[in-house]
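Worth saying up front: this structure is predicted, and the values here are computed from it rather than measured. Order of the sequence lines sets the chain letters (A, B, ...), proteins ahead of strands, with each chain counted from 1.
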Amino acid sequence: MARVTEWWQASRKASSVWRLTRLYTVLLLSVVAVLLVVLYQLSIGQMSRQQQAQLESLIAQQTVLAEQLNTDEFIAQFKLQAESSRQYILTYQTEKQLIGRLSFIPEQISSCPRLTRFPIWLDKYDEIRLLSGCSQPLGAGSLTVAIDDEALYALKAQYISASVIALILALLLGLLTGLVFSLRVLKRINSFNQTAQLVEAGQLSARVALSNNNDEYDHMALHINTMLSQLEHSFETVSGITDAIAHDLRTPLSHLRQQIELELLDKRQQDQPTTQLQSMIEKLDEILFTFSAMLELTRLQQQKETKTQHFKIIDLSKIIIDAVDLIEPLAEEKEQIITSDVDLNITLKGDATLLFRAVYNLLENASKYAGEHARISIRLTESGFTISDNGLGISDNEKNKVFQRLYRIEKSRHVAGFGLGLTLVKAIVQLHNGQITLLDNNPGLQVMVEFPDTICCHNNVNKHTNSNGNNKEG
Amino acid sequence: MRILVIEDNQTTRQYLQKALQEQGYEVDLADNGQDGLFLALEGDHQLILLDRMLPKLDGLTVLSTLRNAGKQTPVLILSALDSVSERVKGLREGGDDYLIKPFALSELLIRIEILIQRKNQSSEKVTSSLQVSDLKMDLLSHKVYRGLNEIKLQPKEFKLLRYLMEHSGQVLSRSLLFEAVWDYQFDPQTNVIDVHLARLRKKVEFDGLPPLLETVRGTGYRMVASK
């Protein structure tokens, strides 16, 4: 049962399956309905039309007779006719008498050619039967014609119930085949979706699986796979080139730095001014730092398997406490308040230094961009942690871009930085199979980091709860 | 004081030679792993600066061979391999410190000094208290006094002050202080350590008491020498 409701919800969510199935079922039902109507018209419809026509010709015949004969002659022939007719029950009523097989005329009987059904006791069957009949004024009286069409009605009823059963079966068949068909289509499309999601998550080596059918889906899959291969190749080329540049330039720049340092040493010994050399070294260090950060990023983003080999069980609460301890005096300088909620005891497999850098980077960003007097809070959750501030936040269309290499938000360009911090954080989180999401804190920014394989223990009361800052000098 | 430099890159080798000689060290040079190992086994060096990627014999092999032969000369590994796992590998093989290229000369000199000092002090007894001038630190009760006034410190501040007092008289770089207190291997690259030091200084040097913590420009910090 649970599986059925699950399927139901899933199929309603995956709207295309539901829509396709519905469309298919409606088409099948209309085809069956049209067929049934046509069949009805050709069989039962035909019969009842014939019956109607015969009744009408009988009435016409009697009308002609009534015009040509005088009343007595007509009554005499009518008696004869009424006696002899097996199929039709004829009755003629004048003011004085009632001639024919009916012993009375039902009051609600309609005028011809419209037929009314009325119950009658028939000696022949020894039971009450329903007849269809009508009456019409004729000469001095009125003529009533009726026909025993109970068999036809029974046939009609049978036909209708058979049709209903046929339609229900068609509905079930339609839903079932439609569903099976759509689910198969959807399954293929889902494999495309999954691949696209993997690629979106940065796994450029993901490919769509091919079937043996060689159908249009396979053709599409082939094209997509080729496209992905080209994309992957150009990606590798780009990061390869930047890495090669960074790597090749790093060595000569390091040597340059060494030479400047030797020069600096000489100048210092001769008591000459060194400010110029000092600032040269600072500039060089900036370049070298950027290069190292870029190389490190690429390494983090590649070859995940070898990177995760040295992972150990890490206490996430300790890392957060350490990071808060490190950032706290910086925040205090800007009169920001940092609160931390690390009551949960969360562990995961990972690299402590990398995770520490991720947490510290996010806190540093919050402190850097949230402005003076901001409130920054970090909270452990069952699957990771959340950092919120009440600063300016990030607009929705920039939320994704901030993770790109060297991207800097327009309004923050004046703040020192290289635009690699969040990219590095994301790479670290992804290395731990985690996810990072930027949300609105209304006002401010909320960064949510979630890892899939955390181990959480609620009942373990954490001993470091009050190690966050805001202490005044003792 | 004799230092052995095993480094295949000529520019870096000459740079190290010149810089170290200017500091008053005698320097032996080797441009490949094999020669380096030979010199290290034969000579009596206070310290070895060891590159990781060397021709003939790579740095880690030189290191493990040296340790297996019973040579306990302090080894400072200099390497461009900057990931944490590479660093752990180097230290596990018996390296005493790991410095990532490119490095600042001041950082290198500070770390050399600390390694040589540590070697000389390694026979020293475990102490239960530290004292620099009128600043006292009780390592058992975790209490700190300046004269008669107790100074309340947070756990990280206590660690920081302890490291500074343990190395009083020595210049300590920001990254060294960060590694000692936080135990994560990277360089925060901002003035965050300075801010921590400023706060610690405010707590230690209150009421116009004579300063104990000196800022060494462009290099780091030094706690005045204990008498």
Side-chain angles (χ1 to χ4, degrees), chain A residues 247 250-259 261-262 264-266 268-269 274 278 281-282 284-286 288-289 291-293 295-296 299-300 306-307 309-310 319 321-323 325-333 351-357 360-361 364 368 416 418 464 467 469 471 473-474, chain B residues 9-19 21-23 80-89 100-106 108-109 150-157 159-160 178-179 181-200 202-203 206 217-218:
Chain A
H247 192 264
R250 208 159 66 141
T251 315
L253 282 173
S254 316
H255 293 162
L256 183 61
R257 194 189 189 286
Q258 291 169 357
Q259 278 157 10
E261 274 209 301
L262 285 181
L264 201 64
L265 222 60
D266 285 348
R268 277 218 186 103
Q269 278 177 342
T274 57
Q278 204 78 50
I281 283 187
E282 274 163 29
L284 260 179
D285 279 344
E286 267 180 34
L288 284 166
F289 175 72
F291 282 176
S292 305
L295 286 170
E296 188 182 15
R299 273 205 316 271
L300 280 177
T306 57
K307 291 277 164 343
Q309 269 169 10
H310 71 279
I319 284 176
I321 291 163
D322 282 349
D325 279 351
L326 183 59
I327 193 76
E328 207 265 316
L330 260 186
E332 199 177 77
E333 274 199 334
D351 180 313
T353 294
L354 287 178
L355 284 172
F356 177 83
R357 287 174 68 182
Y360 179 70
N361 249 327
E364 198 189 18
K368 228 188 220 175
F418 302 97
H464 322 279
S467 65
N471 65 313
E473 261 128 289
Chain B
N9 182 282
Q10 201 193 344
T11 320
T12 309
R13 201 168 58 239
Q14 284 172 350
Y15 154 75
L16 287 172
Q17 182 186 22
K18 195 170 172 211
Q21 278 172 349
E22 280 191 45
Q23 293 296 310
L81 303 172
D82 57 355
S83 72
V84 175
S85 52
E86 292 297 340
R87 186 192 194 103
V88 169
K89 239 189 252 172
I100 289 153
K101 286 180 188 171
F103 47 82
L105 184 57
S106 55
L108 176 71
L109 296 175
E150 187 181 345
I151 301 172
K152 290 251 186 289
L153 295 176
Q154 285 179 40
K156 290 284 192 297
E157 289 172 329
K159 268 180 125 175
L160 187 59
F178 174 73
E179 281 170 31
V181 177
W182 269 270
D183 204 23
Y184 297 103
Q185 282 83 39
F186 82 105
D187 192 351
Q189 285 286 339
T190 54
N191 63 337
V192 64
I193 296 298
D194 295 331
V195 183
H196 277 270
L197 259 299
R199 199 156 85 160
L200 181 65
K202 240 160 79 187
K203 289 193 177 182
F206 54 94
R217 271 205 63 197

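For E333(A), the part sitting under 4.5 Å from any heavy atom of chain B is the side chain, from C-beta outward, and nothing else. For a residue to count as touching a neighbouring chain, one of its non-hydrogen atoms must lie under 4.5 Å from one of that chain's; by this rule L265(A) touches chain B with backbone and side chain alike. Contact of A104(B) with chain A is made through backbone and side chain together, with heavy-atom distances under 4.5 Å. Contact of F178(B) with chain A is made through the side chain alone, with heavy-atom distances under 4.5 Å. Both the backbone and the side chain of I319(A) come within contact range of chain B, each with at least one heavy atom under 4.5 Å from a heavy atom of that chain.
Taking a 6.0 Å sphere around CD of Q10(B), one finds it holds 12 or fewer heavy atoms contributed by other residues, nucleotides or ligands. For D183(B), the CG atom is loosely surrounded, since the number of other residues' heavy atoms within 6.0 Å does not exceed 12.
Scanning for salt bridge (charged side-chain N to carboxylate O under 4.0 Å, His left out) contacts around K159(B) gives an empty result, with sequence neighbours left out. Remark: R257(A) engages E261(A), D285(A) in a salt bridge (charged side-chain N to carboxylate O under 4.0 Å, His left out) (not counting sequence neighbours).
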*side chain to side chain contact (heavy atoms under 4.5 Å, CB included) evaluation trace for W182(B) with F356(A)*: CA-CA 10 Å; W182(B) 269 270; F356(A) 177 83; 3.9 Å; yes

*Evaluate side chain to side chain contact (heavy atoms under 4.5 Å, CB included) for N9(B) paired with H255(A), printing each intermediate quantity in order.*
CA-CA 10 Å; N9(B) 182 282; H255(A) 293 162; 3.1 Å; yes

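The shortest non-hydrogen separation linking R250(A) to K101(B) is NH1-O, 4.4 Å. Scanning all heavy atoms of the two residues, the minimum distance from Y184(B) to D322(A) falls at OH-OD2, 2.9 Å.
H196(B) contributes a side-chain N or O that, together with a main-chain N or O of L326(A), makes up a donor-acceptor pair within less than 3.5 Å.
A distance of 7.0 Å separates CD of E22(B) from CG of L262(A), quoted to the nearest 0.5 Å.
Taking 4.0 Å as the cut-off between side-chain N and carboxylate O, K156(B) and E328(A) do not count as a salt-bridged pair.
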